[in-house]
Amino acid sequence: MSPRAAWRLESLGFSEVYDYVDGKNDWMSAGLPTEGTNAQHPRAGDVARKDVPTCALTEKLGDVKARVRAQGWDAVVVVNTSRVVFGLLRAKELEKDPELLIEQAMRPGPSTFRTFVALHEMLHKMVDHKLESSVISTSDGRLVGLLLQKDVAAALEKDK
Amino acid sequence: MTEATAAKEKCKGCNREIEVCAFCEEPGCPAAICYSCQNIELKQTLPHPHAHGG
(Lines give C-alpha, C1' and ligand atoms only; values in the text may rest on other atoms or scores of the structure.)
Protein backbone atom coordinates (compact mmCIF):
# COMPACT_ATOMS: atom_id res chain seq x y z
CA MET A 1 0.00 0.00 0.00
CA SER A 2 2.64 2.54 1.01
CA PRO A 3 4.37 2.83 -2.41
CA ARG A 4 1.04 3.51 -4.07
CA ALA A 5 0.09 5.98 -1.33
CA ALA A 6 3.39 7.79 -1.88
CA TRP A 7 2.79 8.01 -5.63
CA ARG A 8 -0.76 9.20 -5.03
CA LEU A 9 0.43 11.95 -2.69
CA GLU A 10 2.86 13.10 -5.37
CA SER A 11 0.04 13.16 -7.89
CA LEU A 12 -1.85 15.43 -5.48
CA GLY A 13 0.99 17.93 -5.56
CA PHE A 14 3.09 17.00 -2.52
CA SER A 15 6.68 17.49 -3.52
CA GLU A 16 8.51 15.81 -0.66
CA VAL A 17 7.11 12.30 -0.21
CA TYR A 18 8.95 9.30 1.20
CA ASP A 19 8.01 5.63 1.39
CA TYR A 20 9.17 4.32 4.76
CA VAL A 21 9.67 0.75 3.62
CA ASP A 22 10.28 -0.74 7.08
CA GLY A 23 6.82 0.36 8.16
CA LYS A 24 5.09 2.11 11.02
CA ASN A 25 6.13 -0.42 13.66
CA ASP A 26 9.79 0.12 12.84
CA TRP A 27 9.30 3.88 13.03
CA MET A 28 7.67 3.62 16.43
CA SER A 29 10.16 1.11 17.79
CA ALA A 30 12.92 3.64 17.14
CA GLY A 31 11.08 5.96 19.53
CA LEU A 32 10.15 8.43 16.80
CA PRO A 33 7.10 10.65 17.33
CA THR A 34 3.59 9.66 16.30
CA GLU A 35 0.30 11.48 16.09
CA GLY A 36 -3.26 10.48 16.94
CA THR A 37 -5.28 9.48 19.99
CA ASN A 38 -2.98 6.66 21.10
CA ALA A 39 0.08 8.90 20.89
CA GLN A 40 -1.17 10.72 24.01
CA HIS A 41 -0.74 7.67 26.22
CA PRO A 42 2.64 6.51 27.58
CA ARG A 43 4.07 3.35 26.06
CA ALA A 44 6.66 0.78 27.06
CA GLY A 45 9.57 2.89 25.81
CA ASP A 46 8.43 5.94 27.77
CA VAL A 47 8.34 4.08 31.07
CA ALA A 48 11.33 1.75 30.64
CA ARG A 49 14.23 2.66 32.88
CA LYS A 50 17.04 3.83 30.67
CA ASP A 51 19.52 3.70 33.55
CA VAL A 52 19.39 -0.08 33.86
CA PRO A 53 22.90 -1.40 34.48
CA THR A 54 24.63 -3.19 31.63
CA CYS A 55 27.62 -5.48 31.42
CA ALA A 56 29.70 -7.36 28.86
CA LEU A 57 29.89 -11.06 28.12
CA THR A 58 33.45 -11.36 29.37
CA GLU A 59 32.99 -9.80 32.80
CA LYS A 60 33.00 -11.90 35.95
CA LEU A 61 29.63 -12.43 37.62
CA GLY A 62 30.90 -11.50 41.08
CA ASP A 63 32.16 -8.12 39.87
CA VAL A 64 28.97 -7.36 38.00
CA LYS A 65 26.79 -8.40 40.91
CA ALA A 66 28.64 -6.09 43.28
CA ARG A 67 28.32 -3.17 40.86
CA VAL A 68 24.65 -3.82 40.15
CA ARG A 69 23.66 -4.23 43.78
CA ALA A 70 25.55 -1.06 44.71
CA GLN A 71 23.33 0.79 42.24
CA GLY A 72 20.21 -0.69 43.88
CA TRP A 73 19.33 -3.07 41.04
CA ASP A 74 18.70 -6.79 40.94
CA ALA A 75 18.90 -7.09 37.16
CA VAL A 76 21.50 -6.33 34.52
CA VAL A 77 21.34 -6.45 30.74
CA VAL A 78 24.22 -7.97 28.79
CA VAL A 79 25.09 -5.88 25.73
CA ASN A 80 27.88 -5.49 23.22
CA THR A 81 29.64 -2.23 22.40
CA SER A 82 26.73 -1.23 20.13
CA ARG A 83 24.27 -1.85 23.00
CA VAL A 84 22.76 -4.83 21.22
CA VAL A 85 21.11 -7.09 23.80
CA PHE A 86 22.84 -10.46 24.23
CA GLY A 87 21.44 -11.58 27.55
CA LEU A 88 19.81 -10.79 30.85
CA LEU A 89 20.53 -11.59 34.46
CA ARG A 90 17.77 -11.26 37.02
CA ALA A 91 18.12 -11.95 40.75
CA LYS A 92 18.23 -15.71 40.19
CA GLU A 93 21.13 -15.55 37.76
CA LEU A 94 23.00 -13.01 39.90
CA GLU A 95 23.07 -15.61 42.69
CA LYS A 96 25.09 -18.08 40.64
CA ASP A 97 28.78 -18.80 41.22
CA PRO A 98 30.58 -15.42 41.29
CA GLU A 99 33.51 -16.93 39.42
CA LEU A 100 31.41 -17.58 36.32
CA LEU A 101 31.72 -15.34 33.31
CA ILE A 102 28.58 -13.41 32.43
CA GLU A 103 28.31 -15.44 29.22
CA GLN A 104 28.00 -18.61 31.31
CA ALA A 105 25.55 -17.21 33.85
CA MET A 106 23.16 -15.13 31.76
CA ARG A 107 19.82 -15.96 30.18
CA PRO A 108 20.88 -15.85 26.54
CA GLY A 109 18.73 -14.08 23.96
CA PRO A 110 15.98 -12.90 26.30
CA SER A 111 12.60 -11.87 24.92
CA THR A 112 12.60 -8.18 24.19
CA PHE A 113 9.69 -5.90 23.45
CA ARG A 114 9.29 -2.82 21.31
CA THR A 115 9.00 0.70 22.66
CA PHE A 116 5.52 1.26 21.23
CA VAL A 117 3.77 -1.63 23.01
CA ALA A 118 0.80 -0.33 24.99
CA LEU A 119 1.34 -0.31 28.74
CA HIS A 120 -1.92 -2.04 29.62
CA GLU A 121 -1.00 -4.91 27.32
CA MET A 122 2.46 -5.22 28.85
CA LEU A 123 1.04 -5.11 32.38
CA HIS A 124 -1.52 -7.77 31.60
CA LYS A 125 1.17 -10.06 30.22
CA MET A 126 3.71 -9.34 32.96
CA VAL A 127 1.13 -10.17 35.65
CA ASP A 128 -0.01 -13.32 33.83
CA HIS A 129 3.58 -14.50 33.49
CA LYS A 130 4.70 -13.28 36.94
CA LEU A 131 7.46 -11.23 35.35
CA GLU A 132 8.84 -8.29 37.31
CA SER A 133 10.81 -6.85 34.42
CA SER A 134 11.07 -6.99 30.64
CA VAL A 135 13.73 -5.73 28.27
CA ILE A 136 12.69 -3.04 25.80
CA SER A 137 14.73 -2.77 22.62
CA THR A 138 14.64 -1.22 19.18
CA SER A 139 13.76 -3.41 16.20
CA ASP A 140 17.46 -3.85 15.47
CA GLY A 141 18.06 -5.23 18.94
CA ARG A 142 19.57 -2.24 20.73
CA LEU A 143 18.75 -1.75 24.39
CA VAL A 144 16.27 1.00 25.25
CA GLY A 145 15.74 0.13 28.90
CA LEU A 146 14.23 -2.24 31.42
CA LEU A 147 10.49 -2.07 31.99
CA LEU A 148 9.51 -2.78 35.59
CA GLN A 149 6.04 -4.10 36.35
CA LYS A 150 5.63 -1.68 39.26
CA ASP A 151 6.47 1.28 36.99
CA VAL A 152 3.91 0.17 34.42
CA ALA A 153 1.18 -0.08 37.07
CA ALA A 154 2.07 3.37 38.42
CA ALA A 155 2.13 4.94 34.95
CA LEU A 156 -1.26 3.47 34.08
CA GLU A 157 -2.73 4.74 37.34
CA LYS A 158 -1.37 8.22 36.60
CA ASP A 159 -2.69 8.11 33.02
CA LYS A 160 -6.30 7.38 34.12
CA MET B 1 18.34 -30.95 21.99
CA THR B 2 16.46 -34.19 21.47
CA GLU B 3 12.88 -34.47 20.32
CA ALA B 4 11.97 -35.86 23.73
CA THR B 5 12.98 -32.63 25.49
CA ALA B 6 11.67 -30.19 22.91
CA ALA B 7 8.13 -28.96 22.30
CA LYS B 8 6.71 -29.59 25.77
CA GLU B 9 4.37 -26.61 25.88
CA LYS B 10 1.43 -25.62 23.75
CA CYS B 11 0.76 -22.05 22.72
CA LYS B 12 -2.46 -20.82 24.30
CA GLY B 13 -3.11 -18.80 21.15
CA CYS B 14 -2.66 -21.27 18.30
CA ASN B 15 -2.18 -24.56 20.20
CA ARG B 16 1.09 -25.13 18.39
CA GLU B 17 3.76 -27.03 20.32
CA ILE B 18 6.55 -24.77 21.51
CA GLU B 19 9.78 -25.32 23.33
CA VAL B 20 9.30 -22.54 25.85
CA CYS B 21 7.01 -19.56 26.44
CA ALA B 22 8.12 -16.63 24.27
CA PHE B 23 7.14 -14.08 26.92
CA CYS B 24 8.70 -15.35 30.15
CA GLU B 25 10.88 -18.21 28.86
CA GLU B 26 10.00 -20.18 31.97
CA PRO B 27 9.42 -23.92 31.63
CA GLY B 28 5.90 -25.03 32.54
CA CYS B 29 4.40 -21.56 32.05
CA PRO B 30 0.60 -21.88 32.40
CA ALA B 31 0.09 -19.01 29.94
CA ALA B 32 2.67 -20.18 27.40
CA ILE B 33 2.54 -18.34 24.12
CA CYS B 34 4.50 -18.68 20.90
CA TYR B 35 6.56 -15.86 19.42
CA SER B 36 4.16 -15.31 16.56
CA CYS B 37 0.99 -15.09 18.70
CA GLN B 38 2.80 -12.88 21.21
CA ASN B 39 3.83 -10.43 18.52
CA ILE B 40 0.29 -10.22 17.22
CA GLU B 41 -1.21 -9.82 20.72
CA LEU B 42 1.20 -7.02 21.58
CA LYS B 43 0.76 -5.55 18.09
CA GLN B 44 4.49 -5.78 17.49
CA THR B 45 3.59 -7.05 14.06
CA LEU B 46 0.45 -6.63 12.03
CA PRO B 47 -1.27 -9.41 10.12
CA HIS B 48 -0.81 -8.71 6.41
CA PRO B 49 -4.17 -8.04 4.80
CA HIS B 50 -2.98 -9.12 1.36
CA ALA B 51 -0.42 -11.84 0.75
CA HIS B 52 0.59 -10.13 -2.47
CA GLY B 53 1.37 -6.82 -0.78
CA GLY B 54 -0.26 -3.44 -1.34
Side-chain angles (χ1 to χ4, degrees), chain A residues 1-8 19-30 34 38 41 43-45 87-90 92-93 106-139 141 147 149 152, chain B:
Chain A
M1 179 66 194
S2 63
R4 288 193 289 132
W7 280 108
R8 177 64 179 131
D19 175 18
Y20 193 83
V21 176
D22 290 330
K24 192 168 95 175
N25 279 353
D26 183 75
W27 176 274
M28 293 193 295
S29 82
T34 56
N38 283 338
H41 303 290
R43 290 172 177 269
L88 173 68
L89 295 98
R90 294 197 178 99
K92 186 176 149 192
E93 288 78 31
M106 70 180 189
R107 290 168 166 259
S111 288
T112 66
F113 303 90
R114 301 289 86 80
T115 57
F116 58 82
V117 175
L119 286 184
H120 68 275
E121 286 173 344
M122 277 307 288
L123 182 62
H124 178 70
K125 281 256 177 289
M126 292 174 91
V127 169
D128 271 3
H129 292 261
K130 299 183 175 66
L131 218 51
E132 292 302 315
S133 62
S134 293
V135 178
I136 307 298
S137 71
T138 62
S139 55
L147 188 68
Q149 189 189 126
V152 180
Chain B
M1 182 171 299
T2 65
E3 281 185 26
T5 57
K8 288 178 182 168
E9 327 264 352
K10 281 201 171 181
C11 171
K12 70 170 182 121
C14 64
N15 211 34
R16 192 158 50 106
E17 287 197 330
I18 53 176
E19 205 171 311
V20 71
C21 173
F23 193 87
C24 62
E25 299 165 319
E26 291 294 342
C29 171
I33 187 167
C34 73
Y35 187 72
S36 173
C37 287
Q38 170 185 279
N39 278 341
I40 291 170
E41 278 193 17
L42 293 178
K43 299 177 185 67
Q44 293 191 125
T45 186
L46 302 173
H48 290 252
H50 309 292
H52 53 77

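Treat the numbers as computed from the prediction; the structure is a model and nothing was measured.
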- prompt: Side chain of B:Gln44, backbone of A:Val117: donor and acceptor closer than 3.5 Å?
  reply: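 Flag not set: sc B:Gln44 to bb A:Val117 has no pair under 3.5 Å.
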Residue [X] versus chain B: region with a heavy atom under 4.5 Å:
| X | answer |
| --- | --- |
| A:Phe116 | side chain |
| A:Ser134 | side chain |
| A:Met126 | both |

- prompt: What do the steps show when you test B:Glu26 against A:Lys130 for salt bridge (Lys or Arg N to Asp or Glu O under 4.0 Å), and what is the final call?
  reply: CA-CA 10 Å; B:Glu26 291 294 342; A:Lys130 299 183 175 66; over 6 Å; no
- prompt: Between B:Leu42 and A:Arg114, is a side chain to side chain contact (heavy atoms under 4.5 Å, CB included) present by the stated rule, with each step listed?
  reply: CA-CA 9 Å; B:Leu42 293 178; A:Arg114 301 289 86 80; over 6 Å; no
Toward chain A, the part of B:Gln38 with a non-hydrogen atom under 4.5 Å: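 Interface part for B:Gln38: side chain.
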- request: Compare every heavy atom of B:Cys24 with every heavy atom of A:His129, then report the nearest pair and how far apart it is.
  value: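 Taking A:His129 first and B:Cys24 second, the nearest heavy atoms are ND1-SG, 3.5 Å.
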message: With heavy-atom distances below 4.5 Å as the criterion, would you say the side chains of A:Glu121 and B:Lys43 are in contact?
response: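 With C-beta onward as the side chain, the pair touches.
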query: Is the number of heavy atoms from other residues, nucleotides or ligands under 6.0 Å of A:Arg107 CZ greater than 12?
result: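 More than 12 heavy atoms, drawn from other residues, nucleotides or ligands, come within 6.0 Å of this atom.
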